[in-house]
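Here the structure is laid out as structure tokens; the discussion comes afterwards.
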There are 2 protein chains.
Amino acid sequence: MTASAVKSRKEFGKTLAVDITHRLRQDIVACRLKPGEPLKFDALKLAFGASFTTLREALTSLTADGLVIAEEQRGFRVAPVTSDDLIDITQTRILIEIELLSRSITDGGDDWEIAVMSTLHRLGRIEERLPGNHVENPEWQIAHRQFHEALVSCGRSPTLLGIRASLFERAERYRNLSAMFRPQPRDKVGEHRAIMQAAIARDTALATSLIDRHIRSTSDNVVKYASHLLTES
Amino acid sequence: MTASAVKSRKEFGKTLAVDITHRLRQDIVACRLKPGEPLKFDALKLAFGASFTTLREALTSLTADGLVIAEEQRGFRVAPVTSDDLIDITQTRILIEIELLSRSITDGGDDWEIAVMSTLHRLGRIEERLPGNHVENPEWQIAHRQFHEALVSCGRSPTLLGIRASLFERAERYRNLSAMFRPQPRDKVGEHRAIMQAAIARDTALATSLIDRHIRSTSDNVVKYASHLLTES
DNA sequence: GCAGAAGATATTTTCGAAAATATGTCCTAT
DNA sequence: ATAGGACATATTTTCGAAAATATCTTCTGC
């Protein structure tokens, strides 16, 4: 149990339970809490400084996100990472991301174009500043997430956007897993710019095909460099 | 607060919290707990015979399903029903249901065909037995859900199937809302049979187009007969 | 009469202890 | 030696009280 130490209380939400949910989520996505690891209450209490009940509520939330598995009467554990799960997430993401990107290309106005361009610009600046493997850097991760969020932000459906966000997080955990073992980062800069250009040019067919390849190749990379960490199949 | 009374403990799950989650879910979907209604702990304690903590865990679960809204520091309430939400759910369902049905038509074998036919047959028998408005009948609802589940059961993606199930429930709440005011049930029998036949005939284009219309017309029916209950817009 | 503070009440949120359940250990009978 | 049972330990799950926060009521000063 090498969770994030007890930090300043209530960083994220108004209630402690929401706060701890976020911190636990980050620890799981960053793989500080390892896939499959049992989440015992005694240890969590020590690490997060909260009571059984509050921790239970946080774990229940994360179960809904697919990051934690609850086994009734036998406690909780971090969701394992498997090939099947990675394939499932990847295919589902492609379906939903394409739908939302198409809608955004149709409906997005000036503000959308500006958001897409500026988030990509920020991402580029961060990549210049950080040499080598920036994928593990939290600043890069936030900027990366914000770029992809901007792309689909005019998808209009709160439900679909919520699902997308949840899947993005689950995928990010796999990315973090492979980042530990990847020798050199591939040219994501170019990929991102191409997607941006196709989107701004309102070329739906090209943009969606690029997003498809982008998501797929990210997943392939995980299989390539972290397959030894995936249990089952 | 006219929730289901204190029933036999642990009907659904091993733990009390899971059990209460299911019972609360049913009460919300059936509109025994009204949209927008505040869910106060004192009242819930009385109705379900559980403690603060256990109820809190149940409500947290349902928040993830979109059936309950949590307002930090100000408690929980049943998710309101709105036009925008209905449209959102409907469009998202169409996207996902079409994808899963297509996959099932491609991948489904003998077992799938048998499941589709037999669940439809059961649904028909129930409709014969129950004259008039059977939509509110729990037996019909279960059979109806099982038919639609059978149709998409070979979609292969646990994630997508989980999302689908959650959306189906949210939609069912709207159906129950309009059922209270609908004079006569429309010919769902014929619609369901047509979908079944197209699916078994492996006619993906026809089957998906029928499902699209089926979901859309269900939603239109809600707007037609229950629009006065939808807040906003 | 009314805005705003101050106090009283209602409600949610959090805690640690107690109950329920699972897991591990040791002993016995075959 | 080993399967099975009984006891002991570890862990989860549930509870009701206490703390924290919000909401309502009353009072004061203008």
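Chain naming here is simple, since letters A, B, ... match the order of the sequence lines and numbering starts at 1 in each.
Here C/dT13 presents its P atom at 14 Å from CG of A/Asp19, a figure rounded to the nearest Å. Between the CG atom of B/Leu55 and the C1' atom of C/dT14 there is a distance of 15 Å, rounded to whole Å. Here the P atom of nucleotide D/dT12 and the NZ atom of A/Lys40 are 7 Å apart, to the nearest Å. Regarding B/Phe52, its CZ atom lies at a distance of 9 Å from the P atom of D/dA17, rounded to whole Å. Separating the CZ atom of A/Arg56 from the P atom of C/dT13 is a distance of 18 Å, rounded to the nearest angstrom. Straight-line distance from the CD atom of A/Glu71 to the P atom of D/dT11: 15 Å, rounded to whole Å. A straight line from CG of A/Asp42 to P of D/dT12 spans 7 Å, rounded to a whole angstrom. What separates CD of A/Glu57 from P of D/dT14 is a distance of 14 Å, to the nearest Å.
B/Phe181 is listed as a side-chain neighbour of B/Leu229, based on a closest heavy-atom distance under 4.5 Å.
Note: B/Phe147 and B/His192 have perpendicular aromatic rings, judged against thresholds of 30 and 60 degrees for the angle between ring planes. Ring geometry for A/His144 against A/His148 counts as perpendicular: the plane angle is over 60°, on a 0 to 90° scale with 30° as the lower cut.
No donor-acceptor pair closer than 3.5 Å links the side chain of A/Asn221 to the backbone N or O of A/Ser178. In this structure a side-chain-to-backbone donor-acceptor pair under 3.5 Å is missing from A/Asp27 to A/Arg32.
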Protein-nucleic acid N or O pairs under 3.5 Å, nucleotides 8-10 of chain C:
none

So which protein nitrogen or oxygen atoms get under 3.5 Å of nucleotides 22-24 of chain C's nitrogens or oxygens?
{"from": "C/dT23", "atom 1": "OP1", "to": "A/Arg74", "atom 2": "NH1", "distance (Å)": "2.2"}

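For A/Phe41, whose side chain is taken as the heavy atoms from C-beta onward, the closest listed nucleotide among C/dC15, D/dT13, D/dC15 is D/dT13.
Taking A/Trp112 as the reference, nothing meets the ring pair (Phe, Tyr, Trp, His ring centres under 6.0 Å) condition, with sequence neighbours excluded.
Around CZ of A/Arg122, the count of heavy atoms belonging to other residues, nucleotides or ligands within 6.0 Å does not exceed 12.
Within the structure, every side-chain polar atom (N or O) of B/Thr53 is placed at least 4.0 Å from both OP1 and OP2 of C/dC15.
Salt-bridge check for A/Glu169 with A/Arg145: failed, with every basic side-chain N at 4.0 Å or more from each acidic carboxylate O. Salt bridge status for A/Glu71 with A/Arg77: present, with a side-chain N to carboxylate O gap under 4.0 Å.
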